Amino acid sequence: MINEQQKLYLKGTVILLLFMVSSANFKAQQLTNLWTGLRQVQSQSELPKGNASFQETKRIAKENLPTKLIPTQEGEWIITQGWEMADGATAIESGKSIFDPQLNTATWYNATVPGTVLTTLVNQGVYPDPFFGLNNMNIPDSLSRTDWWYRCKFTIPQDIADRQLQLLFNGINYRAEVYLNGKRLGSIKGAFIRGEFDVTNIVNPNSENILAVHILPPNNPGIPHEQSMIAGQGLNGGVLSTDGPTFISSIGWDWIPGIRDRNTGIWQDVRLRSSGDVLIGDPLVTTDILLPDTTQAKITIRTNIRNISSKTINGTLSADIENINISIPYSLKANEEKVLVFSPEEYKELNIKNPRLWWPNGYGNPELYDMKLTARTNSSTSDTKKVRFGIREMSYELMVSDNDQNKRVLYTPNSTINKGNPIFDYEKRAFFTKDNQLPTITKGADVSGLETLSADDPIGPFLAIRVNGVRIFCRGGNWGMDDGMKRVSRERIEPYVRLHRDANFNIIRNWTGESTEEVFYSLCDEYGMLVWNDFWITTDDTVEPSDFDLFVKNAADVVRRYRNHPSIAIWCPRNEGFAPEGMSETLTKMVAKEDPTRHYHGQSRFLNMGTSGPWGYFKDPSLYYTQNAKGFNTEMGSYAIPTANTIRKFIAPEDQWPINDVWAYHDLHHTSQNFGDFMNAVNRYGKPESMEDFVRKSQFITYDAWRNMLEAWNSKIWNNTTGLILWMSHPAWPSMIWQTYTYDYETPGSYFGAKKACEPVHIQMNLPDNDVMIINTTLHDYKSVTAGIRYISLQGKELYKKDIRLDAKANSSAKCFVPENVNNLPRLYLARLELKDVKGKTMSTNDYWMTDGNNDSYKDMNTLPSVDVVVKAINIKGKTSVEVSNLSKVLVVALKLNAVDKKTNEILLPAYFSDGYINLLPGEKRTVELTLPQHLTGNYKVIAEGYNARSK
């Protein structure tokens, strides 16, 4: 007889053999289709299969909900709640006009606006949560080939009946035809362009209005690749990229399945705006700091204003910024548009003394200013615009080719005298090495914003970003998409950005621009995240947009719309490639014109950059240091296994063990990213016996992997390396790979490993020589700090100790020492690094597990007895300090804290802990800070779980 564990093992072996048999044939197809996608649906044998049934759903009864107009600012309302939705066939088959007030919409759905079609259908109980298990396989892909009608009825406020009225659509996907009261207003095309329509003469001022929107999906939705153990890793896109600008990853990538509606819908809000006859356009606020003096800054405000009436109008445009109140007169002829400028030369108030500067996280506070522009005609307000901006100066170190001569330059856009024209040419490129290309100086360009730098600087050809004159060592992550279903409310997105801040990150890459919405940039402003902002073209030159004009129009609207956000540091045309010939020059000129304050970078690798990747597990982590740590890399990642608590949320009990198709569908399978090496690393601690055991052991591996990547870059700060953007920090759906935190805001080993490496003042041990180094990425010098190392046995015995006192200068590294060789060390022991300030206060603690080189040595971890640790939480003025103590005589290993509901023991998320997966020496007491959102601060307790410990 064989037991259940043996049955599970045999089942896994059969799956692996099936994979090996089919992989040879499938691999050739994968390579062909990697970027262009499938041409036919996969065979049934390749599709993922699970033991659990699809979740059952029941359609929610349709309600007659009144439309609400929610005011956002003076003269502006969001149209919400009363939206209805039906597919095109249902709308037509009713036999009545969609504009008929008596139309029976009982078969329609209560629509989620803003939201996608799939969001509505899931919220209405038509389909199950696609993020759970294999539920996505039970949702028809025909949704991506279906047209939809949205409809709502609203009445306007009586006090605006005699005003000019506009409807504003902040974002639809992919194409919309808009109608009001039976009259066609116009169309919108592309997911990232606004639609604005004058409805002054169409609105019924005293009765109900019917707004109808016909939404059509992208033209080329493609065929998703379904991940399974046999089919392998997902393909990276497909023909949907032809329709850029849209959410190109929604066809499916190697980190997300095909989203069945391709994010079709009214995904951003719809607004009603009232005004007088003069409208304010998209302002541009530029700030110029008189570097190197940061105590003086100049603000320039530029905006267009437009007269939409048939008569001449005189008035004033005023700008209010805190205690600054200035105005400029204007005169506009009928239907005339002008550009008005508030310059610091003409308005002395715009010369700011001791400005509050916006800084990236870790370098200072991300200070923000609010401005209100008001257009007045006579004594009445015609229009207003509110803008939040930051006072900061962006500059960029690059190597460029000038008349066939390579030179390093500092490019400061604000220093360019004749702004608005491109400086760099990305079609005529030079080569620094066979991999690293350089932009050339555009013929006849104004180079007044370029300053030649020393050619001897060790960062060589690589990009370095400066803010306020200071080099920023960029460390952060990619957002492939904020949410697979584009649920992008502030409440949902803010915890993710805060987790970036708390992980000591300072940059987010908006990969292929799929997180392009106001809340994303606003949160990055507030949390001090620089943004590397791509547009919507896939990798290399495999699938190009079919409509260049449409693409550039969407891109131009994005730049005008978001250019005042201080967080945006880089505009970039695509992922891992240059813009296609014929579009490249147009995009370059557009960005120079619309945003003369920032750098437009021609692509995300091989141009003043390193390469991308690697993306898998390294069995020899020293390779991060010796082969990969180079320049500025916009993608590097590894496996990132969630906690058991998170896995239970998206995988049914029947499919939680062993690893199977459901795991593969959530991005963990045998076919890629050095899976075998990763599993061998997990098995060093003993072959996992359950999902919980696998997860528990995986956290050691993922903690080290993500810490190693970042510490490798740390080890060469400004001596060859300038930035690392992880692939990825943020998951768009429940995944097993490429994330620092998980979709539910939980923080597994990958998060705390990355957070540890990015400490503002950090002590680390480099591979392969184990040399100890201090990394100080703050703007403060630390004098007479003490760097120390101790080797400690599992039983808590100190085996070796060394200390050294030295200075840690601002924004730089300091080499400490290489530990001596020590004889008779055990097979497995802990190396603890500690950095203390001049008063003896601990600034950084960093632990490494050391072995004799034998992988079996890690199994000694399993000899540790189970320990009860003491957890004590103290709340002082809204802040919680959690004191955790090890009263035993052995090490406590990989201890993680969680906040749980006292009644249900449910883990509360988001919960922001200052440290995790910590090790406690015998008798050691550590304090970890905890912050919970206000709505979770009621009846909770803090518990501890570790490899060999739990709360007492």
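Throughout, residue positions are numbered sequentially from 1 according to the sequence presented. It should be emphasised that the depicted structure is a prediction, and the values quoted were computed from it without experimental measurement.
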Could you walk me through whether L180 and V203 pass the side chain to side chain contact (heavy atoms under 4.5 Å, CB included) check? CA-CA 8 Å; L180 182 65; V203 161; 3.9 Å; yes
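- Using the six-membered ring where Trp is involved, H730 and W479 have ring planes that are parallel, under 30° apart on the 30 and 60° scheme.
- Under the 4.5 Å side-chain criterion, counting only non-hydrogen atoms from C-beta, N575 is not in contact with T538.
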Residue pair R509, D534: steps toward the salt bridge (charged side-chain N to carboxylate O under 4.0 Å, His left out) verdict: CA-CA 8 Å; R509 181 179 172 210; D534 293 345; 2.8 Å; yes
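- Taking the six-membered ring wherever Trp is involved, the centroid distance between the rings of F132 and F650 does not fall below 6.0 Å.
- Looking at residues two or more places apart in sequence or on another chain, you find a side chain to side chain donor-acceptor pair (under 3.5 Å) between D744 and T646, K649, T742.
- For K183, the NZ atom sits in a loose shell: 12 or fewer heavy atoms of surrounding residues, nucleotides or ligands are nearer than 6.0 Å.
- Look at K486 and E514 and you find no salt bridge, because none of the NZ, NE, NH1 or NH2 atoms lies under 4.0 Å from a carboxylate O.
- Applying the side chain to side chain donor-acceptor pair (under 3.5 Å) rule to E746 yields the partners K896; only residues at least two apart in sequence or on another chain are considered.
- For the 3.5 Å distance criterion, the side chains of T67 and Q81 fail to qualify, holding no donor opposite an acceptor.
- Ring centroids of F247 and W267 are separated by less than 6.0 Å, placing the two rings close together.
- Under the side chain to side chain donor-acceptor pair (under 3.5 Å) criterion, the residue pairs touching residues 188-202 are Q164-T200, R194-D282, R194-D557, D198-T200, with sequence neighbours excluded.
- Around the NZ atom of K553, the shell of radius 6.0 Å holds no more than 12 heavy atoms that belong to other residues, nucleotides or ligands.
- Scanning for side chain to side chain donor-acceptor pair (under 3.5 Å) contacts around E518 gives S522, H565, with sequence neighbours left out.
- Here D525 pairs with nothing under the salt bridge (charged side-chain N to carboxylate O under 4.0 Å, His left out) rule; sequence neighbours left out.
- Applying the salt bridge (Lys or Arg N to Asp or Glu O under 4.0 Å) test to every pair with at least one member in residues 214-234, sequence neighbours left out, gives these pairs: E226-R260.
- For the residue pair W83/N110, the side-chain donor-acceptor check at 3.5 Å is not satisfied.
- Taking every heavy atom of both residues into account, P48 and D661 meet most closely at CA-OD2, 3.3 Å.
- Atom CZ of R175 has 12 or fewer heavy atoms from other residues, nucleotides or ligands within 6.0 Å.
- Between the S515 side chain and the D482 main chain, a donor and an acceptor come within less than 3.5 Å of each other.
- At a threshold of 4.5 Å between non-hydrogen side-chain atoms, the residues S250 and L240 count as touching.
- Remark: E526 engages R388, R490 in a salt bridge (charged side-chain N to carboxylate O under 4.0 Å, His left out) (not counting sequence neighbours).
- A side-chain donor from one of T105 and E84 sits under 3.5 Å from a side-chain acceptor of the other.
- Side-chain contact between N209 and K153 is absent, with no heavy atoms from C-beta onward closer than 4.5 Å.
- Among residues two or more places apart in sequence or in another chain, the side chain to side chain donor-acceptor pair (under 3.5 Å) test is passed with E494 by Y527.
- The aromatic rings of Y743 and F131 sit perpendicular to each other, their planes meeting at more than 60°, with 30° as the lower class boundary.
- Contacts of M728 classified as side chain to side chain contact (heavy atoms under 4.5 Å, CB included), with partners at least two apart in sequence or in another chain: W255, N478, W738.
- Applying the salt bridge (charged side-chain N to carboxylate O under 4.0 Å, His left out) test to R184 and every residue at least two apart in sequence or in another chain returns E177.
- Scored by the side chain to side chain contact (heavy atoms under 4.5 Å, CB included) test, S144 finds D141, P221, R262 as partners (sequence neighbours excluded).
- Residues in residues 235-246 take part in no salt bridge (Lys or Arg N to Asp or Glu O under 4.0 Å) pair, two or more places apart or across chains.
- Side-chain N or O atoms of R151 include none that pairs as donor or acceptor with a backbone N or O of M85 at under 3.5 Å.
- In this structure, W149 and H214 have parallel ring planes: the angle between them is below the 30° cut-off, well short of the 60° mark.
- In this structure, the side chain of N135 engages the main chain of D129 through a donor-acceptor pair within 3.5 Å.
- A donor-acceptor contact shorter than 3.5 Å links the side chain of W536 to the backbone of G513.
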